[in-house]
Protein chains: 2
Amino acid sequence: MDDRVKNIINGIFPITENSFQLIKELLVFETYKKGETFIQRNKRNEKEYFILSGVCKSYLINPEGDEITISLFTENSVLSPFQIRTSKSISNLNFKALTDLKLASIDAKNFESLMIENLEIRNFANTVLQNELISKVEKEIGLASLSAKERLIDFRKRYKMLENIIPHPDIASYLGITNISLSRLRKDLME
Amino acid sequence: MDDRVKNIINGIFPITENSFQLIKELLVFETYKKGETFIQRNKRNEKEYFILSGVCKSYLINPEGDEITISLFTENSVLSPFQIRTSKSISNLNFKALTDLKLASIDAKNFESLMIENLEIRNFANTVLQNELISKVEKEIGLASLSAKERLIDFRKRYKMLENIIPHPDIASYLGITNISLSRLRKDLME
DNA sequence: GGTTTCCATTAACATTTGATAAAAAGCAAT
DNA sequence: ATTGCTTTTTATCAAATGTTAATGGAAACC
């Protein structure tokens, strides 16, 4: 299991075995069942996560009571942006498992201590932050310049098999449409 | 003019006079006329900017040849995210002045050298990066969960007088709608 | 001053998307 | 297999948005 975390980190910013040992000692493993909400709004989350297997989403609840999918997080990625705990709107986000989920977590305060004393870990965290920003800008570009049908086509490229694994309403709200409209587009794209 | 830059920096992350002097020596002042594109796609931009006055946008050109507004940047803000020069999609962005524009620029390589040797400046740059990410997530939340009319209402709150200053087609594409639709919504909101 | 270009609004029509309800298809547990 | 539950699809109608084109006005240019 530890090796899975090492692979995730090295896929983002390679670090030495010594640096990884510092992280390894602090790792805690967690599992959640499909449908479980494991971070709730306004409950300060003081952990960073590595996704070992499964898919989850960040979401918020609109005035009508619907869950709006903001981001999707897949296997072998880092879940929460490091260092960002100050924004009110972001702290309102919930996180829910969309499939059975295996996570490795690390206490945020402990991790920040590591960042201060270890340049490699700091660079890793900074790279995560940059990647987050890049992916946001890319999604921003997609939402602003593509039609719903084009966004679905783009989604299929970026998230391959996810359409067969997670509930369609979650995909639909990620794309900014209803699940009925998603169903129509799916039919449309089958010719 | 230097003081303007100092105020912008201190509004984001306060630094000492000594640290500011390091930046001050490297500042170059630039002006652009309304409508000028001052960063063009694929021409690597090796500067960071402080916006002293005016408004500008980042945009890309879709296959139909239309300009799609991605972000708006207003007076007293920092324009380009530090350290992010690697993403292909982001390097495809253009930047255009939407009003007459006064900028202070600093060579990116020089600035990075300052970041390495000066902790305050590094923290400032990191805060800019975090703020960028926060604002992207907030925009993402808005685009996914609000109707076009609600997005316009939100836009008016966040950008106050901008609607009277910059061309409506730029606002419309920022909101993800056509300028004709924007015109209808404007009429609608006047009751 | 006059011309030209760009911008904002409006109208008419086509297309897309949303809302609601109902039917069909999967899936899990017995 | 059958029963329930959830998810996905389909149908119908209403609302929102896009497209094209025409109009009027403001700003920029010569």
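Quick note: numbers below take in every heavy atom, side chains included, and nothing from hydrogens, waters or symmetry partners. Lettering of chains follows the sequences in order, A, B, ..., and the numbering in each one begins at 1.
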Asks: Let's see if you can work this out: which of D/dT10, D/dT19, C/dA8 has an atom nearest to the side-chain heavy atoms of A/K187?
Replies: D/dT10
Asks: Below the 4.0 Å mark, does C/dT17 have OP1 or OP2 next to a side-chain nitrogen or oxygen of A/T178?
Replies: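 Looking at the OP1 and OP2 atoms of C/dT17, neither is under 4.0 Å from any side-chain N or O of A/T178.
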Asks: Which is it for B/K47 and B/E30 under the side chain to side chain contact (heavy atoms under 4.5 Å, CB included) test, yes or no, and what are the steps along the way?
Replies: CA-CA 12 Å; B/K47 296 177 187 173; B/E30 309 178 9; 3.0 Å; yes
Asks: Would you kindly compare A/S183 and B/L185 by the position of their nearest DNA chain D nucleotide and give the one closer to the 5′ end?
Replies: A/S183
Asks: What's the closest nucleotide to the side chain of B/P167 if the choices are C/dC7, D/dT17, D/dT10?
Replies: C/dC7
Asks: So does A/S71 get a backbone contact from the side chain of A/S58, meaning a donor-acceptor N/O pair under 3.5 Å?
Replies: yes
Asks: Return the value, rounded to whole Å, for the distance between atom CG of B/L146 and atom C1' of D/dA16.
Replies: 16 Å
Asks: Between B/I166 and B/R184, just flag the one whose closest nucleotide in DNA chain C comes earlier from the 5' side.
Replies: B/I166
Asks: Starting from P on D/dA26, measure out to NZ on B/K34 and report it in whole angstrom.
Replies: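 So the NZ-P distance, B/K34 to D/dA26, works out to 15 Å.
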Asks: Please verify the inter-ring angle class for B/F73 with B/F95; under 30° counts as parallel, over 60° as perpendicular, anything in between as tilted.
Replies: tilted
Asks: Output the single nucleotide from C/dA21, C/dT17, C/dA8 whose closest atom is nearest the side chain of A/A148.
Replies: C/dT17
Asks: Among C/dG18, C/dT9, D/dT17, which nucleotide has an atom closest to any side-chain atom of B/R186?
Replies: C/dT9
Asks: More 5' along DNA chain C: A/G176 or B/E163, using each one's nearest nucleotide?
Replies: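 Checking each residue's closest nucleotide, the 5'-ward one belongs to B/E163.
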Asks: Hey, is the main chain of B/K33 close enough, under 3.5 Å, to the side chain of B/D100 for a donor-acceptor pair?
Replies: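 No, the answer is negative, given that no donor and acceptor are paired below the 3.5 Å cut-off.
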Asks: Do A/R158 and A/D154 meet the salt-bridge criterion of a basic N to acidic O distance under 4.0 Å?
Replies: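 Here A/D154 pairs with A/R158 in a salt bridge, since their nearest N and O are under 4.0 Å apart.
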Asks: Return the value, rounded to whole Å, for the distance between atom CD1 of A/I180 and atom P of C/dA24.
Replies: 17 Å
Asks: Roughly, in whole Å, what's the span from CD1 in B/I171 to P in C/dA8?
Replies: 8 Å
Asks: Does a side-chain N or O of B/H168 approach OP1 or OP2 of C/dT9 to a distance below 4.0 Å, or not?
Replies: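 For C/dT9, OP1 or OP2 has a side-chain N or O of B/H168 closer than 4.0 Å.
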Asks: Between B/D188 (CG) and C/dA11 (P), how many Å, whole number?
Replies: 14 Å
Asks: Take the protein atom CG of B/N179 and the nucleotide atom C1' of D/dG18, then report the distance between them rounded to whole Å.
Replies: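 In whole Å, D/dG18 C1' lies 11 Å from B/N179 CG.
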Asks: Taking any heavy-atom pair under 4.0 Å as a contact, classify B/L182: base, sugar-phosphate, or nothing.
Replies: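 If one applies the 4.0 Å heavy-atom cut-off, B/L182 turns out to touch nothing in the nucleic acid.
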Asks: OP1 or OP2 of D/dG18 less than 4.0 angstrom from a side-chain nitrogen or oxygen of B/S181, does that happen here?
Replies: yes
Asks: Within this structure, what is the CD1-to-P distance between A/I165 and C/dG26, rounded to whole angstrom?
Replies: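 Taking CD1 of A/I165 and P of C/dG26, I get 18 Å after rounding.
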Asks: Atom CE of B/M190 and atom C1' of C/dT9: how far apart are they, to the nearest Å?
Replies: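 From B/M190 CE to C/dT9 C1': 10 Å.
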